[in-house]
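Written below as structure tokens is the structure these notes are about.
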Amino acid sequence: MTQTQKLTEAQLIDALQQRQQAGFAYLYDNYSGAIFTIISSIVTDKELAADVLQEVFVKIWRSFDKYDASKAKLYTWMLNIARNTAIDTVRSKAFNNSQQNRELTEFVYENAGSVETNTDKIGLRKVVHTLKDEYKVLVELSYFQGFTQDEIAKMLDIPLGTVKTRLRAALIQLRTMIKP
Amino acid sequence: MNTQEYINSGIVESYVLGLASPDEVQELMQQVKLYPEIKQAIEDFELAIEANFQQNATPVPAQVKSNLLSILEAEFAPVVSNDAIPNAAAKVVPFNTTAPPEAPTVKPLFNWQLLSAAAMLLFIVSACLNIYFYNAAKTSANQYQALLTERSSLQANIEVYQTKLEEMGNGMKTMLNPSMKVVKMPAVKGMEGNTATVYWDMTTKDVYVLNNALAPAAADKQYQLWAIVDGKPVDAGMLGDCAMLCKMKNIPNAQAFAITLEKKGGNATPQGTMYVLGKI
């Protein structure tokens, strides 16, 4: 496998399943920039974001046997791992910085929206920022901050059904905006 | 079920972005089995998301890649190159066993062909074993290095905790010193939940403050302690990031202590809101 050789997704998956270093290197070279974008959208601190990226690629490599190509494409799977790890990092960092020893859930509710996430809107987050307010807040809270629809309904004091339908509408609009 | 309606309901986007509930995912997977156009819709959106992120890729510090290759080194499959096994083409020379014509055919003492083949086989096996053991040794060496690194980082952690414990031990000694005057500072009206305590050494007049429960200050703000002397507030120092007790300024005389929230670095006179107040 030379540097200039382009692999299909199936070939890359195969190389990774065979635990080949060249496969991992190819994966990193071609996807780390895109993955770093979602992490940087969520983790403010640049150094911490790089640490999270490192952690994410270790996770991807070590849990690769769990990847099911019939359920999602490779990038989709990696993107979700990255998003979840970034959100967990931000939450645990904010909790550790707080001097109050309260329950994590209580802390998270009270600090929703104010937890320091990246205000530098890049990539997808930039697009989300152009949605109308009631859509924007739902995508922000669910996608970039990791709150469940149930939690969002409680936080915004709106019915769960409204959250569901509005979020769906927001995502449909998002799709039209990123369509190439 | 109206497939187009289902595709346009937002479930596809929810699923791809990882926002769908387990029930919704299960239903989607069932629908995908029945209607191939749904699978296509999913893939289209996945590609659009991927393209968006690739277009907006962010440069990564080079350190990350080298760290990863180092961390995962022992987990990569060994690379067997084509010239790993040396060319062991040995010249096989048959031993000429032609006996003198009149004597019966003599059985050769050594079957050189067989011997050479066996020797070559042994050599190949030995070479393979060498490669195997070399790789195993290399892996062990790497794992050993990794362990050493882990141990030294654990050691560093231990040292950090030891220092913290020492600080806390000293704090406790100070607080329990009989020459300490304990000044409780309850919350002022409107600031319920905030408390702090001043420990005032009546022999040395050194002042220490313990943050029992003050609301976390914003990044650009800092708590400041004041000694109230003859009705006037005197700066007693800033509350920093102390393990337990913060050592403040030396105060020879005071009738009360108070804490206000000032800008980072503090002010000469109190400008900010008062949080707690304790009268002597």
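Hydrogens, waters and symmetry mates are skipped; everything else that's a heavy atom, side chains included, is used. Every chain is numbered from 1 and lettered A, B, ... according to where its sequence line falls, protein lines coming before strand lines.
Salt bridge A:Arg175/B:Glu13: present, at least one basic N to carboxylate O contact under 4.0 Å. Salt bridge B:Glu75/A:Arg62: present, at least one basic N to carboxylate O contact under 4.0 Å. Using a 4.0 Å cut-off between charged nitrogen and carboxylate oxygen, B:Asp44 and A:Lys179 do not count as a salt-bridge pair.
Taking CD1 from B:Ile7 and CD1 from A:Ile172, the interatomic distance works out to 12.0 Å, rounded to the nearest 0.5 Å. Expressed to the nearest 0.5 Å, how far CD of A:Gln21 lies from CG of B:Leu69 amounts to 5.5 Å. Distance check: A:Thr148 OG1 to B:Leu19 CG gives 11.0 Å after rounding to the nearest 0.5 Å. Annotation: the span from B:Ser14 atom OG to A:Lys164 atom NZ amounts to 9.0 Å, rounded to 0.5 Å. A distance of 9.0 Å separates CZ of B:Phe45 from OG1 of A:Thr76, quoted to the nearest 0.5 Å. Atom CE of A:Met78 sits about 7.5 Å away from atom CD of B:Glu50, to the nearest 0.5 Å.
Using a 30° and 60° split on the angle between ring planes, B:Phe53 and A:Tyr75 fall in the tilted class, from 30° to 60°.
A:Asn84 does not touch chain B: none of its heavy atoms, backbone or side chain, sits under 4.5 Å away. Only the side chain of A:Leu174 comes within contact range of chain B, judged by heavy atoms closer than 4.5 Å. Only the backbone of A:Ser70 comes within less than 4.5 Å of a heavy atom of chain B; no side-chain atom from C-beta onward does. For B:Ile11, the parts lying near chain A are the backbone and the side chain together; criterion is any non-hydrogen pair under 4.5 Å. Heavy atoms of A:Phe36 lying under 4.5 Å from chain B belong to its backbone as well as its side chain. Both the backbone and the side chain of B:Leu17 come within contact range of chain A, judged by heavy atoms closer than 4.5 Å. Looking at A:Leu171, the atoms closer than 4.5 Å to chain B (heavy atoms on both sides) sit in the backbone and in the side chain alike. Using a 4.5 Å cut-off between heavy atoms, A:Gln149 contacts chain B through its side chain alone, with no backbone atom that close.
Two residues are said to be in side-chain contact when any heavy atoms from C-beta on lie closer than 4.5 Å; A:Thr37 and B:Gln54 fail this criterion. Within the 4.5 Å cutoff, no side-chain heavy atoms of B:Phe76 are placed close to those of A:Gln18. By the 4.5 Å heavy-atom criterion applied to side chains, B:Lys65 and A:Asp29 are counted as neighbours. With contacts defined as side-chain heavy-atom distances shorter than 4.5 Å, the pair A:Trp61/B:Leu68 does not qualify. Between A:Phe57 and B:Val64 there is no side-chain heavy-atom pair separated by less than 4.5 Å.
Open room surrounds CE on B:Met168; 12 or fewer heavy atoms of other groups in view lie less than 6.0 Å from it. Within 6.0 Å of atom CD in B:Gln30, more than 12 heavy atoms from other residues, nucleotides or ligands are found, so the atom counts as buried in its surroundings. Within a 6.0 Å sphere centred on CD of B:Glu5, heavy atoms belonging to other residues, nucleotides or ligands number 12 at most.
Without hydrogens or angle criteria, A:Gln20 side chain to B:Val79 main chain gives no donor-acceptor distance under 3.5 Å.
When all heavy atoms of B:Ala57 and A:Ala34 are compared, the pair lying nearest together is CB-N, 3.8 Å. The shortest non-hydrogen separation linking A:Leu124 to B:Asn52 is N-OD1, 3.6 Å.
Your options are B:Pro59, B:Ala51, B:Ser9, and the one with the most heavy-atom pairs under 4.5 Å with chain A is B:Ser9.
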Would you sort out whether A:Lys71 and B:Val25 count as a side-chain contact (heavy atoms from CB on, under 4.5 Å), showing the intermediate values?
CA-CA 10 Å; A:Lys71 293 235 167 74; B:Val25 171; over 6 Å; no
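For a heavy-atom cut-off of 4.5 Å, chain B lies close to A:Val127 in residues 126-134 of chain A.
With hydrogens and angles left out, the side-chain atoms of A:Ser40 and B:Thr58 include no donor and acceptor closer than 3.5 Å.
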